[in-house]
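Accompanying notes for the structure given below.
Whatever order the structure lists them in is the order used to number ligands and atoms, beginning at 1. Quick note: residue numbers are just sequence positions, from 1.
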Amino acid sequence: MGFVIAVDGPAASGKGTIATRLAALYGYPVLDSGLLYRAVGVRLLAEGGDLSDMDHATRVAKTLDPATLENPEVRTRAAGEAASRVAAYTPVREALRAFQRTFATQEPGVVIDGRDIGTVIAPQADAKLFVTASPEVRATRRWKQLTGQGEQVTYEDILADIRIRDERDSARSDSPMVIADDAVLLDTTEMDIDRAFDAARRIVETARGQKA
Ligand code: DC
């Protein structure tokens, strides 16, 4: 097992950008685990399925083609909402677990971002960050991203989405979004992405020093 960096946190906290930059810094592969749930939601809907149909979602998760993570459709607002719904189903989570755990075994290390990486997928991770920010700041960031992609959405709608998603992701019984006991909390509310990345890098450097 290489050096595993787990970056958990709620939607639009900056965790994805931090994870990508850490991976570039150390030359590690990065997995955005949210894309797996997004891809399941997108395919379920494309097959005419219903988000309340756990069996259909499970069949999709069991046969997920990792190539579909590249589909731009998985980055839409609707995909995020669908992901949060299918992510509450235990058999869906189980079907996606092996892929994530195998990814985590790569040498010399990996970065994985999500909700349950430091708690369930890789509890043995060498560095664990929990990245957060106020709902308002996260809504502003997500709104800029989505309108930049050409989606017609209001800030108020995005803020409402974020609150619903936080509640659903934290309240589900299987692998809820919680801060691991040994994770370092990084609140990026008052930080731009460069400062947030710098703070994350220092947390990881400390963990690397402890492992060396
Ligand atoms: O990180 P994201 O916003 O792309 O994730 C989309 C949804 O997927 C999120 O609302 C909850 C779910 N998810 C999860 O349950 N576990 C993960 N490790 C990653 C995402």
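When heavy-atom distances to ligand 1 are checked against a 4.0 Å cut-off, Arg165 comes that close only through its side chain, counted from C-beta outward. Heavy atoms of Lys15 found under 4.0 angstrom from ligand 1 belong exclusively to the side chain. With a 4.0 Å heavy-atom cut-off, ligand 1 is reached by no atom of Met177.
Closest to atom 16 (N) of ligand 1 by heavy atom, among Arg85, Glu81, Arg93, Arg38, is Arg93. Around atom 9 (C) of ligand 1, the closest heavy atom drawn from Gln100, Arg168, Arg115 belongs to Arg115.
Looking at atom 13 (N) of ligand 1, its nearest protein heavy atom turns out to be Tyr37 CD1, 3.6 Å. In terms of protein heavy atoms, atom 19 (C) of ligand 1 is closest to Ser33 OG, 3.4 Å.
Counting the atoms of ligand 1 from 1 in the order shown, those under 4.0 Å from a heavy atom of Gly34 are 4 (O), 5 (O), 19 (C), 20 (C). Each of the following atoms of ligand 1 lies closer than 4.0 Å to a heavy atom of Ser84: 7 (C), 10 (O). Of all the atoms in ligand 1, the ones that sit under 4.0 Å from a non-hydrogen atom of Ala87 are 12 (C), 15 (O). Interface of Ala83 with ligand 1, defined as ligand atoms under 4.0 Å from a residue heavy atom, comprises 6 (C), 7 (C), 8 (O). The Arg172 neighbourhood of ligand 1 comprises atoms 14 (C), 15 (O), 16 (N), with distances under 4.0 Å to a heavy atom of that residue.
A salt bridge links Asp166 with Arg138: the distance from a Lys NZ or Arg NE/NH1/NH2 to an Asp or Glu carboxylate oxygen falls below 4.0 Å.
Between Ala19 and Val7 the shortest heavy-atom distance is CB-CG2, 4.3 Å. Nearest heavy-atom pair, Pro176 versus Ser170, reported as atom, atom and distance to 0.1 Å: CB-O, 3.3 Å. For Ala79 against Arg38, the heavy-atom pair with the smallest separation is O-CG, 3.9 Å. Closest of all the heavy-atom pairs between Arg77 and Asp157 is NH2-CB, 3.6 Å. Heavy atoms only, all atoms of each residue included: Arg201 and Leu22 are closest at CA-CD2, 4.1 Å. The two residues Arg141 and Gly14 have their closest heavy-atom pair at NH1-N, 4.1 Å.
Exactly one residue among Thr63, Thr68, Asp65 makes a side-chain hydrogen bond (donor to acceptor under 3.5 Å, both in side chains) with Arg43. That residue is Thr63.
For the pair Arg208 and Tyr26, the cation sits on the ring face: its NZ or CZ lies under 6.0 Å from the ring centre, inside 45° of the axis.
Here's the thing with Asp32: none of its N/O atoms is less than 3.5 angstrom from an N/O atom of ligand 1.
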